[in-house]
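Reviewing the structure listed below.
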Amino acid sequence: MNDKTTWEFGTRQVVYGAIGAALYGVFSWATNIFPLPAAGNISFRPAVAVLIFFGVAYGPWVGLLAGLIGNTIGDALTGWGLYWNWSVGSGLMGMIPGLIMASLNDFKARPEILKAVGWGTLGIVVGMLFASLTEMFTGGIDLNTALVGYFTPAVIGNFIVTAILLPILMIAFAGVAARRGR
Amino acid sequence: MLVTWKYRPRNTFIQRLDPRTRFIFMACIILAFSIPEIWDYRIILPLLLLSLTLYLMARIEWKDVRRALLYIFILVFLIVGLNGLLSGRGGPSSVLDPSSPVLFTLPIVPAWDWIVPVTVSKVWFAISQIGRMLTMALLAIPIPYTIDPNIYGTAFKQMGASDKVAFTIDLAFRFFPTFARDLTITVDAQRARGYEMDKLKGGLVAKIRKLAPLIIPVTMQSTVTGEEVIDAMDLRAFGTAQRTWLKVLKYAPRDYYMLGLGVTIFIACCVLKWGFGIGDFFVPDFFTRALVG
């Protein structure tokens, strides 16, 4: 499925980083058109599952670039401006699951899917924690608001979406990769 | 379902600025507030007026920016402003000054004795916080409307990013309309098969699962497209040597003025705070008199 070199940054990473970013932007934008039900200020972004999938399938650089650039594109398309800390947080969310790329061999195997979901969850926690805490400096909010108002809803929403869609993406990818032969 | 960039060419001073100038200027303002922790209205107000002036100079049509502004105002006023008003946290400890006159008390949960006193200090803090956030937001909002998506890659390359990172940015902007079109085609194809996206039934999990017929085909097709692009780039020896870029950005005198202004604001905020002790939070007398007489 890939060359299994975790930190390589070549043509493959450039292209899939760009594809991941564009898909993250497209699906973020599309979710605004077909909104999912949300409780309180929890929003569900199916794009997060795609971002984590790109990290898992193509490595940390792809996950980082896809999140960083994809979030910027998504914000740009909706016209919300540029919020660097949320883009970096999204980048971390894609990069951390990418660290296990080299250890995954069979995307259809249940243990490997569970491992990917586990690392994806870690990525969500770290990425959203970074974004929420830096909001204290850029937005002047306090720790309580950062954790309760920003971090917790973001983690819950992103985790639910990842737990449901990431396994489907991995199984579909295993089929495509087997047919393609690389 | 049409995907359009918010960018429109306009003959304005803001759009004549080099995109690098815009990014660096915004960074200077954010750092000027964040590093020396400026909460003094005498500094926040002029910077807010400067941001507002630059925003108005961008001449973005109201119909284009209406939704984005509404979202940001709700975020800033309700979440940040109300938090400042009720808790007074998120800023310097002087906001919670016990000697500040109490305007009224809010019984949040009276049974638990959770009664929040709203003081003059908290009200002024909420106003200051809103001012700080709006200053930064007004600089960020015009970016997607006023910077050509085709020059983000060039801009980041000339700001010091590597060829590969800059090319990733450039390629992402080029892929975006293609994947948006793929999504549109997939939506139409699934609708033809009876998929009702407007009436997704079931619980939350079922609803998210039902998005799979839209997300999976587009994502998998993109991975196949990726292999073709990689082959094409490898055949052209991408990454083996330094690249040249079709578009080259050059700073004009106006860019140097703006960069100078941004750096001056940042240095001035640092000097005022650490050299003269100006910039801390305080409630001006006129505000206290206006509220409590």
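The figures that follow rest on heavy atoms only: side chains count, while hydrogens, waters and symmetry mates do not. Proteins get letters first, then strands, A, B, ... in listed order; numbering begins at 1 in each.
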Grab the two heavy atoms, one from [X] and one from [Y], that are nearest each other, plus how far apart they are.
X: Ala22(A); Y: Phe179(B); value: CB-CD1, 3.6 Å
X: Ala180(B); Y: Val26(A); value: N-CG2, 3.8 Å
X: Leu165(A); Y: Ile208(B); value: CD2-O, 3.6 Å
X: Leu211(B); Y: Pro46(A); value: CD1-CG, 3.4 Å

For chain A, which candidate among [options] shows the most heavy-atom pairs at distances under 4.5 Å?
options: Ile215(B), Leu171(B), Thr178(B); value: Ile215(B)
options: Gly239(B), Ser222(B), Ala27(B); value: Ser222(B)
options: Asp170(B), Val229(B), Thr223(B); value: Thr223(B)

Is there side-chain contact between [X] and [Y], with heavy atoms separated by less than 4.5 Å?
X: Ile216(B); Y: Ile168(A); value: yes
X: Phe27(A); Y: Thr219(B); value: yes
X: Leu23(A); Y: Phe175(B); value: no
X: Phe9(A); Y: Val165(B); value: yes
X: Met220(B); Y: Leu169(A); value: yes

Identify which part of Ile69(A) has an atom lying under 4.5 Å from any heavy atom of chain B, answering side chain, backbone, both or neither.
side chain

Whatever's closer than 4.5 Å to a heavy atom in chain B on Val14(A) counts as both

Using ring-ring contact (aromatic ring centres under 6.0 Å, His included) as the criterion, list what pairs up with Phe33(B), not counting sequence neighbours.
none

Those residues that, when tested against Phe159(A), pass ring-ring contact (aromatic ring centres under 6.0 Å, His included) (two or more places apart):
none

Please report the interatomic distance CZ(Arg12(A)) to CG(Asp231(B)), rounded to the nearest 0.5 Å.
9.0 Å

Going from CZ on Phe176(B) to CD1 on Ile19(A), what distance comes out if it is rounded to the nearest 0.5 angstrom?
14.0 Å

Heaviest contributor of heavy-atom pairs below 4.5 Å to chain B, chosen from Gly20(A), Ala172(A), Ala21(A), Gly175(A), is Ala172(A)

Does any N or O in the side chain of Lys164(B) come within less than 3.5 Å of the main-chain N or O of Gly10(A), such that one atom is a donor and the other an acceptor?
no

